[in-house]
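A short worksheet on the structure shown next.
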Amino acid sequence: MASFIQLLVSGLATGAIYALIAVGFTLLWQTSQTINFAQGEFVMLPAFFILIAMNHGAPFWLACLVGIATSVVVLGILFKFIIVDPMLKHGVLPLVISSIALALFLKEAVKDFYSSQAQPFPVLVSAGDFHIFGAVISSQSLVVLGVAIVTVVGLHLMLNKTRLGRMMQATAQNPTLATILGVPVRKMVLYTFLVNAVLVAIASILISPIYLAKFTNGETLGMAAFLAAIIGGFNQVRGAILGGIILGILDNLSAAYLSSQYRAAFPLIILIVVILVRPQGLLGRVEERTV
Amino acid sequence: MSRAGVLAIALFALGAIIAPFMLKPFGIFLISMWAVLTIAAIGLNLTLGYAGQVSMAQGAFVGIGAYTLALLTQAGVPYPIAFVASGVLCFAIGWLLGYPALRVQHHYLAFVTLAFTTIVFLLLRNEEWLTGGIYGVNAIKRPVFFGWNTGKAMDYYFFCLGVLSVISFAVWWMLRSPWGRAFVALRENPVRALSLGLDTRRYTLMAFAIGSMLGGFSGALFASLVQFIEPASFALNRSFDLLLMVIVGGSGYFMGPFVGALISVLLPEWMRITEGYYLIIYAALVMVMMPLAPYGIVGLIERGYKSLTTKRGQQKPASVVAERAAP
Amino acid sequence: MSPVLQVNNLRKSFGGIHAVNGVSFEVNDGEILGIIGPNGSGKSTLFNCVLGQLHPSEGEVRVDGQVTTGMRPCDINRLGVSRTFQLLQVFPQLSVRDNLILAGQEHQGTMFTRLIGRSDAGLGPAADQMIEFFRLSHLKDQMAGMLSYGQQKLLDAAMAFMAGPRLVLLDEPAGGVNLTMLGHLRERLQAYHAERKATFVVIEHQMEFVMALCTRVLVLAEGKLIANGAPEEIRRDPVVIEAYLGHGMNAA
C-alpha cells in the first residue's frame with residue numbers, strides 16, 4: 001500500500017508535467033492545425049537556455065525567468081512566424097514534415113553547440129522527504145505537483161474566466177464565427193503560441209532535474225505529449241490534462257507491477273485502442289463531418 | 001508520359017548502370033543503399049503520395065522484412081523463399097494496419113502508425129529468443145543464383161538494381177492501370193470516390209498492404225547489404241527518414257522516391273566537410289524547402305518544365321478546391 | 001412495374017434534431033422529380049440517406065424494389081444510383097478525361113482485371129463521348145482543378161452519368177452557376193433525359209430551373225413533406241408559400 005501511494009504520487013507528478021506539455025500541444029492543434037512534432041524538443045530546449053544564463057552568472061531564479069522569456073521569443077514568436085505561418089496554406093502534412101525537421105534541428109543544435117552529455121540541472125527545492133501513511137514522498141514530487149497544478153489551474157481560469165481566455169477558446173473552436181463576432185483571431189492564435197512556449201518552459205524546469213538536461217529528452221517527452229493529447233481528446237484542454245495524468249500514473253505503475261521491458265508499449269496499446277474505439281479521445285468532442 | 005520524362009528516366013537508368021564502375025567499394029555500398037531505400041520509399045509514396053494515407057510505419061516494415069530474411073536464411077530456408085516471405089508477411093501486416101485507416105484519418109492515422117513503429121521496435125529489442133535483442137543478427141548471407149554469387153559489392157549492387165527495376169516497373173504498371181486513378185481519387189476525395197462505386201475500403205487496405213510489402217522487400221535487401229541488423233536501425237527515425245525522402249523527392253510523383261532517397265543517402269557524404277553539422281544542415285534545408293516547394297524536388301522540376309513549355313503557364317495548384325470540397 | 005425509387009417513412013436525427021422526419025415518396029421510371037424547400041429542410045440529408053452516405057435512423061429505401069438501407073454507397077452506386085454534390089466534388093488533380101473514366105471504371109470487371117487490364121479500362125471512347133456531349137472537348141486533358149466553377153459543375157454532372165445510371169440524384173446543380181452556363185446545363189440535362197430515358201431527382205433553390213426542368217415537385221419543410229404536385233400547382237400552393245415566407249425566403 002505504501003509503495004502504491006509512493007508510485008501514485010510520483011505518477012501524478014510526472015503526469016502533471018505531461019499534462020502541461022499536452023495542453024500546449026492541443027492548443028496549437030486547435031488554433032492552427034499544427035501538429036507539432038517538435039513539442040518534445042520544445043521541452044528539452046528551455047533547460048539549456050537556463051543553463052546558458054546560469055553559465056553567465058545569473059542566479060537560478062533569474063535564469064528561469066530568462067529561460068521562459070527566451071522560450072516565448074524563440075518557441076513562440078519565431079516558431080509561429082518562421083515555421084508555421086508560411087506552411088499553413090499547404091495543409092497539415094508539409095507542416096508535420098517541417099516540425100519533424102525542426103525537432104531534428106533543435107536536437108542536433110544542442111548536441112553540437114552545447115553538449116552531448118546529460119547536464120545536471122538544479123532543483124526548485126532542495127531534497128527532503130515526507131512520510132505519509134508510511135509512504136516516503138520526496139519533496140521534489142510535491143513541488144512538481146504543486147507548480148504543475150498551479151499552472152494548470154491558472155491556465156484554466158485564464159481560458160474560462162477572462163475575456164481574453166474566452167476569445168482564445170472561441171478562436172480555437174470556430175475561427176470563422178470568432179472573426180464574425182469581432183474576436184481578433186490572428187492575435188489570439190499568436191497568444192496560443194506564446195502560452196505553449198510558457199508551458200513547455202515550465203515543464204522543462206520541472207522535468208530537467210529528474211531526467212537531467214539532455215538533447216535526446218524530447219523523444220520520450222514528445223511521444224508522451226501526443227499520447228496524452230490523443231488519449232484525453234485532441235480538441236479539449238481538459239482532455240489533455242486528464243490524458244497526461246493517466247499516462248503519468250500508468251507509466252509509474254506499469255513499470256513497478258508489469259514487465260518493465262514493455263513499459264513503453266502499454267501507453268501505445270492504450271492509444272491504439274482509444275483511437276479505434278473512441279477516436280475523439282476520452283473527453284473529446286466528435287468533430288462533426290457532413291457530406 | 002512526356003518525351004522529356006522518358007528521357008530523364010533513361011538517363012537516370014544509364015547513370016545507375018555506369019556508376020558502380022566509377023566508384024570505390026564504399027561508393028558502391030552507398031548506391032546499393034540508395035537502391036534498397038528507394039524501394040521502401042516507393043512503397044511509402046504509394047501509400048502516402050498516391051493514396052493519401054499518412055504512415056509513419058514504413059521503417060518498421062523495413063525492419064520486419066530485414067529480420068524475416070535474416071532469421072529464415074539462418075534457419076536454412078532458401079534465399080528466394082525467404083525473400084518472398086519478407087514481402088508476404090509485410091503485406092499481411094500492412095493489410096491489418098490498414099484497418100485503423102478505415103476508421104481514422106490524417107493525424108490520428110499518423111499516431112496509430114507511429115505507435116505501431118514503436119511497438120515493433122520494442123518487440124525486436126525485447127524478444128531476444130527470436131531476434132537476438134540489442135545484439136541483433138549478424139553474418140547475414142548474400143544470395144547465389146544459378147552460380148551467380150552476389151557476395152561482392154558490385155554483384156550485390158546489380159542484384160538490388162535488378163529488384164528495384166522489377167518493382168519500379170510493377171508499380172508503374174499499377175499506377176497507370178485504373179488502380180492508380182482509384183488511389184488518387186482516394187487521396188483527393190474519398191466520399192466522392194465512394195459515390196462513384198469505388199470500394200474505398202478495399203483500395204485503402206491495398207494501398208497499405210502493397211506499400212508495406214515494398215517496405216518488406218527493401219528490408220530483405222537491406223539485411224543482406226549490411227549483413228548485420230539491430231533494432232535501432234528500424235526505430236522511429238528510420239520511418240521519419242523515409243517520410244522525408246518521399247516528401248523531399250516529391251510525394252505523389254513517380255520519380256520522387258528515387259530522387260529523395262538519392263539525396264538522403266548522398267547528402268551526408270557530400271557534406272563530410274561540415275563534419276558533425278550535416279544533420280543540422282539537412283534539417284534546415286528541409287525547413288527552407290517546405291514552404292517554397294511542398295511538392296518536392298521532382299514536383300518543382302515538373303512545374304518548372306511545364307511553365308516553360310505551356311504558353312499559358314497557368315499552373316495553379318488545385319488543392320484549395322479539394323480541401324474546400326472535402327467533407 | 002415497381003417505381004425506380006421508393007422512400008418509406010424515412011427518419012434521420014442528429015442528436016435531438018430530426019433532419020428528416022418521416023418522409024415517404026416514390027419516383028417513377030423516366031420522371032424528373034424536383035425537391036425544393038428552405039435551407040435546413042432536410043433535402044441533402046435525404047439524398048445522403050438514399051445513397052448510403054448516412055444511415056437513416058428509421059425507415060427504408062428501395063431501388064427497383066430492392067432494399068438498399070444499410071448498404072455502402074459504392075454498392076448502391078453499382079446498382080445504378082449516382083449523384084452529384086452540392087459542393088464541388090471533382091478530382092482536381094486528375095484530368096477531365098480521367099475523372100470520367102474513374103466514374104465508370106468500377107462498374108465493370110473485378111479488382112484483378114482492372115489491375116492487369118487497359119489503362120483506360122476500355123472506357124476511353126465512352127468518356128470522350130460524354131465529354132463531347134457536355135461540350136468539354138477543348139478541356140479534356142486539363143486538370144479538373146483548373147476548370148472554371150461552371151465547367152466543374154458540368155463535369156460533376158457528366159461523372160454522375162458516366163456509368164449509365166438508372167437514377168441520378170442532382171444536389172443543387174445550378175448553385176453558383178452563371179446564367180449562360182445554367183441554360184447550357186439545363187439543356188444538356190434535358191437532352192440526356194430525352195436520349196437515355198434516365199430518371200432524375202433534383203434538389204434546387206433556383207426556382208426557374210426547377211420549374212423548367214421537372215415534371216413533378218416535392219416540397220420539404222422542417223424534415224417533412226408538405227406538398228407534392230406538378231410545378232404549376234406547387235407555385236400557387238399557399239402552404240408552400242407560407243413555408244418559404246415563414247423562413248424569410250423568397251419563393252421566386
Side-chain angles (χ1 to χ4, degrees), chain B residues 1-2 49-50 52 102 170-207 209-210 251-253 295 299 303 306 310 312-327, chain C residues 47-48 51-53 72-95 97-109 111-123 142-147 149 152 156 159-160 162-163 165 169:
Chain B
M1 199 181 294
S2 69
Y50 284 93
L102 301 175
V171 169
W172 173 79
W173 177 274
M174 182 169 69
L175 290 174
R176 65 167 277 293
S177 84
W179 281 36
R181 211 175 281 117
F183 285 146
V184 174
L186 200 61
R187 174 187 78 199
E188 298 203 333
N189 196 336
V191 175
R192 178 57 163 152
L194 198 59
S195 84
L196 292 171
L198 252 84
D199 191 336
T200 47
R201 183 189 300 176
R202 213 181 277 172
Y203 278 113
T204 305
L205 294 176
M206 270 297 173
I210 296 173
S251 101
Y253 291 94
Y295 29 77
R303 275 154 200 257
K306 266 193 186 156
T310 55
R312 277 173 293 176
Q314 40 169 328
Q315 293 296 318
K316 202 178 278 177
S319 57
V320 186
V321 182
E323 266 160 42
R324 187 154 45 85
Chain C
F47 266 20
N48 289 336
L51 204 69
Q53 261 110 8
R72 291 185 301 159
C74 57
D75 297 325
I76 296 176
N77 175 254
R78 284 187 230 156
L79 285 178
V81 184
S82 69
R83 74 171 289 185
T84 68
F85 288 81
Q86 192 176 342
L87 291 169
L88 275 182
Q89 303 260 359
V90 299
F91 299 98
Q93 310 270 13
L94 290 177
S95 71
R97 196 164 182 267
D98 276 329
N99 266 279
L100 286 167
I101 294 173
L102 179 80
Q105 70 178 36
E106 302 296 318
H107 289 257
Q108 49 182 34
M111 288 285 277
F112 183 68
T113 58
R114 283 194 283 280
L115 178 61
I116 59 161
R118 294 174 48 175
S119 177
D120 66 0
L123 289 167
Q142 289 272 8
M143 290 291 158
M146 287 164 66
L147 269 53
Y149 187 85
Q152 291 194 28
D156 198 9
M159 282 161 75
M162 186 62 197
L169 311 177

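Numbered from 1 within each chain, the chains take letters A, B, ... in sequence-line order.
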### Message
Tell me which of these, Pro73(C), Gly109(C), Pro165(C), has more heavy-atom pairs under 4.5 Å with chain B than the rest.
### Response
Pro73(C)
#### Entry: When Glu106(C), Arg78(C), His107(C) are compared by non-hydrogen pairs under 4.5 Å with chain B, the top option
Glu106(C)
Chain B heavy atoms under 4.5 Å from [X]: which part of the residue, side chain, backbone, both or neither?
| X | result |
| --- | --- |
| Ala103(C) | both |
| Met162(C) | neither |
| Arg72(C) | side chain |

### Message
Does Leu194(B) form a side chain to side chain contact (heavy atoms under 4.5 Å, CB included) with Leu51(C)? I'd like the steps, not just the answer.
### Response
CA-CA 10 Å; Leu194(B) 198 59; Leu51(C) 204 69; over 6 Å; no
Hey, does [Y] have a side-chain heavy atom less than 4.5 Å from the side chain of [X]?
| X | Y | result |
| --- | --- | --- |
| Leu198(B) | Leu102(C) | yes |
| Tyr203(B) | Met111(C) | yes |
| Leu115(C) | Ser177(B) | yes |
| Asn189(B) | Phe85(C) | no |

### Summary
Residues Leu94(C) and Arg181(B): closest non-hydrogen pair is CD1-CG, 3.9 Å
### Which atom of Asp156(C) lies closest to which atom of Arg192(B), heavy atoms considered
OD1-NH2, 2.6 Å
### Task
Say whether, by atom type as modelled, one donor and one acceptor occur between the side chain of Asn77(C) and the main chain of Ser195(B) under 3.5 angstrom.
yes
### Query
Is the count of non-hydrogen atoms from other residues, nucleotides or ligands lying under 6.0 Å from Arg201(B) atom CZ greater than 12?
no
